[in-house]
Participant: 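Below are the structure tokens for one structure; questions will follow.
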Amino acid sequence: MELCIDFGGTEIKLAVIDGHRVLASGGIAVQGGPSDLAAAAVEARRLLEQTGAPEAVGIAVPGVVEPGTGRMLHANAKYDFLRDLDLSAWSLAEFGVPAAVENDARAALIGETSTGSAAGTRDAVLVTLGTGIGTAVLMGGMPLRGRTGHAGILGGHLTVDLDGPVCPCGNIGCGEALASTWALGASTGDDSSATPPEDGAAHAGGASTSSATQDQDSATQDQDSATQDQDSATQPNDSATRDQGSATQAGRVTMAEVFAGEAHREIRERYLRVWGAVVTSLAHSYDPAVVILSGGILRAGDAVSAPIEAYVRAHLWPSLTPPRFVVPPEPELSVARGLSVLARAGHLHTATPQEEQ
């Protein structure tokens with residue numbers, strides 16, 4: 001039984017999982033300070049009172065995680081207090097079990113390739129679309145981390161336009177700076193809303209990380225916030241609910257509106273081309289068998305996924321076999337599933353299902 005804690009953009013999500021079953025779940029609002037750790041511990045203990053003590057713990061964060069140590073090297077400003085903190089030791093002190101710590105987009109990818117929409121796949125790329133562009137990569141059954149933990153999670157910062165805007169990450173013409181929720185203000189002429197959440201350079205997977213995100217919150221926050229983009233014309237990776245809600249009140253264009261009709265067709269088509277170019281570059285770099293597209297905007301279904309797939313097929317290197325595209329039916333479970341796998345593997349000193357293959 002695994003306790004899974006996902007530090008998302010607007011919410012810290014917790015779940016206790018036994019194999020494939022979610023036994024208990026909960027969440028608390030993010031305050032953006034050290035008190036979040038104490039609040040997460042309190043909520044975790046509340047869940048564990050229902051299920052019993054965990055055998056393993058998994059923690060997902062919207063930032064760069066150093067391989068080997070599990071320390072977060074770079075984080076969204078909201079989670080700056082986690083930088084260099086030993087979360088595994090924190091878990092041991094709070095729950096009696098050390099934690100497996102991972103970037104949220106990677107956790108989401110592991111979840112989807114272990115027991116989710118791409119189960120059994122050994123070569124895959126995950127892309128979450130929302131406040132930012134979160135990415136993660138699986139090659140030969142192994143999550144790509146690289147020397148310092150940055151590999152595979154910075155796909156949203158691939159250069160798409162050399163004459164494009166300067167991204168807060170320091171690069172020029174990043175896909176995220178051209179086509180994301182936070183870049184939408186510049187696309188519509190409303191520069192007041194063209195501001196990355198907290199710290200644009202923090203979109204390392206999330207994603208956006210991405211929650212992946214959001215990041216999917218990064219992997220997760222990207223999914224959650226972007227989910228709210230569609231649900232109420234209102235995020236991934238940070239506070240899309242507030243961002244999109246206030247945007248609606250202020251008369252700003254939202255991502256949901258861009259994809260809802262023909263009023264913003266030019267912006268929609270440009271965003272789809274940018275996302276297609278990002279995925280094409282990832283396919284050229286990593287040769288995936290499957291591309292997992294996630295984030296709330298994917299609730300628009302084929303209106304988003306089909307044009308991206310068509311762009312990739314039209315621009316892919318001729319001898320490359322086109323990847324299969326999937327959209328997770330339960331993106332809110334991606335990170336928890338991945339954390340469960342990572343925590344269980346760490347507890348038993350075994351490999352993930354893909355690594356075992």
Side-chain angles (χ1 to χ4, degrees), residues 1-62 76 78-79 81-82 85 87-88 90-102 104 107-108 110-111 115-116 206-207 210-228 231-232 235-242 294 296 328 330-344 347:
M1 184 171 63
E2 301 82 43
L3 169 64
C4 305
I5 306 175
D6 176 15
F7 286 88
T10 58
E11 183 183 19
I12 299 173
K13 301 175 184 177
L14 301 93
V16 180
I17 297 179
D18 184 10
H20 299 276
R21 294 188 303 133
V22 178
L23 303 180
S25 62
I28 57 173
V30 173
Q31 302 301 319
S35 63
D36 287 334
L37 270 177
V42 170
E43 177 67 4
R45 283 192 286 270
R46 184 185 72 81
L47 298 180
L48 294 174
E49 287 177 358
Q50 306 171 32
T51 64
E55 297 173 306
V57 176
I59 298 176
V61 292
N76 178 293
K78 187 176 291 185
Y79 284 121
F81 66 92
L82 293 180
L85 179 68
L87 284 171
S88 183
W90 171 79
S91 172
L92 179 62
E94 292 289 347
F95 314 116
V97 183
V101 184
E102 184 57 275
D104 52 6
I110 291 168
T115 60
S210 249
S211 309
T213 70
Q214 209 196 251
D215 333 281
Q216 215 131 337
D217 239 331
S218 189
T220 298
Q221 206 22 50
D222 269 353
Q223 290 171 345
D224 291 342
S225 53
T227 298
Q228 290 165 331
D231 283 345
S232 55
Q235 162 196 27
N237 209 344
D238 252 282
S239 55
T241 303
R242 293 194 304 269
S294 193
E330 298 177 305
E332 69 279 1
L333 297 179
S334 300
V335 174
R337 283 171 169 159
L339 289 177
S340 175
V341 170
L342 288 167
R344 188 165 60 249
H347 168 65

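Count residues from 1 along the sequence. Since we're looking at a predicted model, the values are computed, not measured.
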Participant: Looking at every heavy atom in both Ser294 and Pro331, which two are closest together, and how far apart are they?
Facilitator: OG-CB, 3.6 Å

Participant: With sequence neighbours left out, what residues match Ala44 under side-chain contact (heavy atoms from CB on, under 4.5 Å)?
Facilitator: Leu3, Leu14, Phe95

Participant: Under the salt bridge (charged side-chain N to carboxylate O under 4.0 Å, His left out) rule, collect the residues that match up with Glu102, sequence neighbours excluded.
Facilitator: Arg106, Arg145

Participant: Which residues pass the side-chain contact (heavy atoms from CB on, under 4.5 Å) test with Leu82, not counting sequence neighbours?
Facilitator: Phe7, Leu37, Val61, Met72, Tyr79, Leu85, Leu87

Participant: Ignoring hydrogens, what is the shortest heavy-atom contact between Val22 and Ala15? Give both atom names and the distance.
Facilitator: CG1-CB, 4.4 Å

Participant: Could you grab the distance from atom OG of Ser25 to atom CD of Glu43, nearest 0.5 Å is fine?
Facilitator: 9.0 Å

Participant: To check you understand the geometry: which heavy-atom pair defines the closest contact between Leu339 and Ile5, and what is its length?
Facilitator: CD1-O, 3.5 Å

Participant: Using the side-chain contact (heavy atoms from CB on, under 4.5 Å) criterion, which residues pair with Glu94? Sequence neighbours excluded.
Facilitator: Ala41, Arg45, Trp90

Participant: Just wondering, do Val30 and Ile12 contact through their side chains at under 4.5 Å, heavy atoms?
Facilitator: yes

Participant: So does Glu49 pair up with Arg46, basic N to acidic O under 4.0 Å?
Facilitator: no

Participant: State which residues pass side-chain contact (heavy atoms from CB on, under 4.5 Å) with Thr51; sequence neighbours excluded, sorted by chain then number.
Facilitator: Met1, Val16, Leu23, Ala24, Leu48

Participant: Ala99 and Ile59: which non-hydrogen atoms are nearest, and at how many Å?
Facilitator: CB-CD1, 3.7 Å

Participant: Provide the full list of salt bridge (Lys or Arg N to Asp or Glu O under 4.0 Å) pairs with a residue in residues 15-31, sequence neighbours left out, each pair given once.
Facilitator: Asp18-Arg21

Participant: Can you name the residues that form a side-chain hydrogen bond (donor to acceptor under 3.5 Å, both in side chains) with Gln31, not counting sequence neighbours?
Facilitator: none

Participant: So which heavy atom on Gly32 is nearest to which on Asp36, and how close?
Facilitator: N-OD2, 2.8 Å

Participant: Can you measure from CZ (Arg337) to OG1 (Thr115) and round to the nearest 0.5 angstrom?
Facilitator: 5.0 Å

Participant: What heavy-atom pair brings Ala343 and Ala56 nearest, and what distance separates the two atoms?
Facilitator: O-CB, 3.3 Å

Participant: Atom CD1 of Ile28 and atom OG of Ser35: how far apart are they, to the nearest 0.5 Å?
Facilitator: 8.5 Å

